[in-house]
Amino acid sequence: MFISNQDIAALLSRMAVLLELEGANVFRVRAYQNAAALIDKLPHNLADSKQEDKALTGLPGIGKDLAGKINEIIQRGSFRQLEELEARLPKVLLELIKIPGLGPKRARALWDNLSLQTVADLKAAAGKGKIRGLSGFGPKLEEQILQGIAFYEANPLRTLWADAENTAHELCSYLKQIKTVAQVEAAGSFRRKKETVGDLDILAVCPQPELVMQTFLRHPHVEKVISHGSTRSSVILRSGLQVDLRVVLGKSFGAALHYFTGSQAHNIALRKLAQQQNLKLNEYGVFRGERQLAGKTEAEVYQQLGLPYIPPELREMTGELEAAAAGKLPDLITLNKLRGDLHCHTSETDGALSLEELALAAQDLGYEYLGITDHSQHVTIAAGMDEKRLRRQLKAIDQVNAKHKDIVLLKGIEVDIMDNGKLDLPDSVLKELDFTVCSIHSKFNLPEARQTERILRAMDNPLFTVFGHPSGRLIGTRPGYAVNMEKIVLGAKERGCFLELNAHPQRLDLTEVYCRLAKETGVLVAISSDAHSRQGLDALRYGINQARRGWLEARDVLNTRPLGELRKLFKR
DNA sequence: GCCGTTTTCGGCCCGACTGTTTTCAGTCG
């Protein structure tokens, strides 16, 4: 039985939910939540290296008790208390708390009083007016529950960051039109550049909060107002996305931006840090007693607490506070540090642009080089190239390179890794290329050990340069194949290969956890667009978002290197 | 359930908004 860190995290997280439903101490619940969040982000598989309790209790927030439970999960896939709790509590409660407006207390009260089996039962009860009579409930809550169920049934998925960005820009520029609005910024997980966002948090500075609120609620995309106060309102847009707006005064902007950006765990830790210094941190500022010491800017807030500014992408409680205190925060990579792109497709296979059109587009973007990597023959659905067509393309590349001196096209290919670990084209032709991107497009369902072995065998070939979209996942659509990424990162280090961070907004493949592991291991990451069109080239900035969340600096990234150095690195 | 340069017990971040209440609990972020 293979237990991933994500499996362990999911079980601990489930325990937290069940304990909440039981009315357990909130701090006990939080202990499970914290442990789950921590383990979810660990790069090393806990199940792989047989963990002594001692090693586990070395992790912050994991004591003797949790260590024991984690070991039990690793050994047998679950733990006794969880199973007992699951047996005791009905499954429907777990569904009920997914309905907005229903937390553990209300869910429990409804279940106790209405003998519910399903969410549909609750809907029926609400429809018949059976909820309003219950103690603590009234007609408005009954209506709220009905609407919550409708929202629950619509089952809105988390929104891709790239999609949320459009909405964020639209709403921010809309609010900026108000003359007295000095600043508007989208905060939350959006500002932390998470792969997906659950809702959008927008912060505005204005001395007339009511005016901002009224304008916001009148936006044509607002479908429903959930709450509306003098400094804070929540709405649901027609797209299904929830947006929270908060209005503050300029002197609190930094503190509010910090609070609204999160993550929640980072906020909690920082507020604790403030307490230790006899200070109070809230969304209005840093205070000693009644006196505000900081709050206008985020930098000021951190400074008051004795820390350097921590970029939003790092605020996930994965060591950023320790790094900040030690003056060891990374100098995160920015888009302008990239000198080129190492993964794109032309109309020779499934791209939209010809070789020359793509070259000109890259030249317009100011790139020094562009790696041409069309598909290999095995990907028939994308019209993958055989040896003959590839050789023809190489000649075409020579011609474009001769004609356009401001951009260098690199000869590459996205070559399939076959299920036996061989590459899809013979070495004799791959040898003529500058580099290869080697990817998996078939046999996703091999067991972990075989999938990992397949990739390592492929990497044994000295013509293997970059491992393309390493997990194969599509966010929200398809999980990745089972692969031991630790072994892959190590394997790449030993063989002189590189890992791709595929920047397509639905891939973002490597995850931040393995970006960081690659960095620590000393494996360079190629941030590549996988463009199939002119617009596709712009995806690099999404890759930069992800790379920053993975603590990557310019020196950790392959395509920040000038062409000459790049060519040397390609030679293994 | 975790944790400790005041602590091995008694704390654990802090505030806005809503609805049901007559002063506060629940939810959310």
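In what follows, every chain begins at residue 1, and chains take the letters A, B, ... in the order their sequences are listed.
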Salt-bridge criterion met for [X] and [Y] (N-O under 4.0 Å):
X: A:K91; Y: A:E86; answer: no
X: A:R473; Y: A:D509; answer: no
X: A:K98; Y: A:E95; answer: yes
X: A:E322; Y: A:K328; answer: no
X: A:E512; Y: A:R516; answer: no
X: A:R192; Y: A:E316; answer: yes

With nearest nucleotide decided by heavy atoms, which residue, A:G103 or A:R28, maps closer to the 5′ end of DNA chain B?
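Nearest nucleotide further toward 5': that of A:R28.
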DNA chain B nearest-nucleotide lookup for A:N267 and A:S227: closer to the 5′ end is A:N267
Within the pair [X] and [N], is there a side-chain N or O less than 4.0 Å away from OP1 or OP2?
X: A:Q264; N: B:dC14; result: no
X: A:R132; N: B:dT20; result: no
X: A:T231; N: B:dC17; result: yes
X: A:N282; N: B:dG15; result: yes
X: A:Y284; N: B:dA16; result: yes
X: A:R232; N: B:dA16; result: no

Measuring only the [atom1] atom in each nucleotide, how far is [N] from [M]? A whole number of Å is fine.
N: B:dC13; M: B:dC3; atom1: P; answer: 14 Å
N: B:dT22; M: B:dC17; atom1: P; answer: 23 Å
N: B:dA16; M: B:dG10; atom1: C1'; answer: 28 Å
N: B:dC14; M: B:dC9; atom1: P; answer: 25 Å
N: B:dC2; M: B:dT8; atom1: C1'; answer: 12 Å
N: B:dT7; M: B:dG11; atom1: C1'; answer: 9 Å
N: B:dT23; M: B:dG29; atom1: C1'; answer: 24 Å

Taking the minimum atom-to-atom distance to the side chain of [X], which one of [options] wins?
X: A:L66; options: B:dT18, B:dG1, B:dG26; result: B:dG1
X: A:F27; options: B:dC13, B:dG15, B:dG29; result: B:dC13
X: A:K105; options: B:dG15, B:dG1, B:dT27; result: B:dT27
X: A:R106; options: B:dT20, B:dC2, B:dT27; result: B:dT27
X: A:I268; options: B:dG19, B:dC13, B:dG1; result: B:dC13

If you look at every strand shown and take non-hydrogen atoms under 4.0 Å, does [X] touch a base, only sugar-phosphate, or nothing?
X: A:D244; result: sugar-phosphate
X: A:L270; result: nothing
X: A:R246; result: sugar-phosphate
X: A:S230; result: sugar-phosphate

Do A:Y259 and B:dG15 have a side chain to base donor-acceptor pair shorter than 3.5 Å?
no
[X] [atom1] to [N] [atom2]: how many Å, rounded?
X: A:R191; N: B:dG29; atom1: CZ; atom2: C1'; result: 16 Å
X: A:I97; N: B:dG26; atom1: CD1; atom2: P; result: 15 Å
X: A:K69; N: B:dC2; atom1: NZ; atom2: C1'; result: 12 Å
X: A:K272; N: B:dC13; atom1: NZ; atom2: P; result: 5 Å
X: A:M15; N: B:dC2; atom1: CE; atom2: P; result: 12 Å
X: A:R271; N: B:dG15; atom1: CZ; atom2: P; result: 7 Å
X: A:Q33; N: B:dC13; atom1: CD; atom2: P; result: 12 Å
X: A:H228; N: B:dC28; atom1: NE2; atom2: C1'; result: 18 Å

Looking at A:Y259, does the NZ or CZ of A:R191 lie under 6.0 angstrom from its six-membered ring centre and within 45 degrees of the ring axis?
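Checked: cation-pi criterion not met.
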Under 3.5 Å on both distances, the Watson-Crick or G-U partner of B:dG29
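The base-pairing partner of B:dG29, which may sit in any strand shown, is B:dC14.
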Under a 3.5 Å cutoff, is there a donor and acceptor pairing between the side chains of A:Q546 and A:R549?
yes
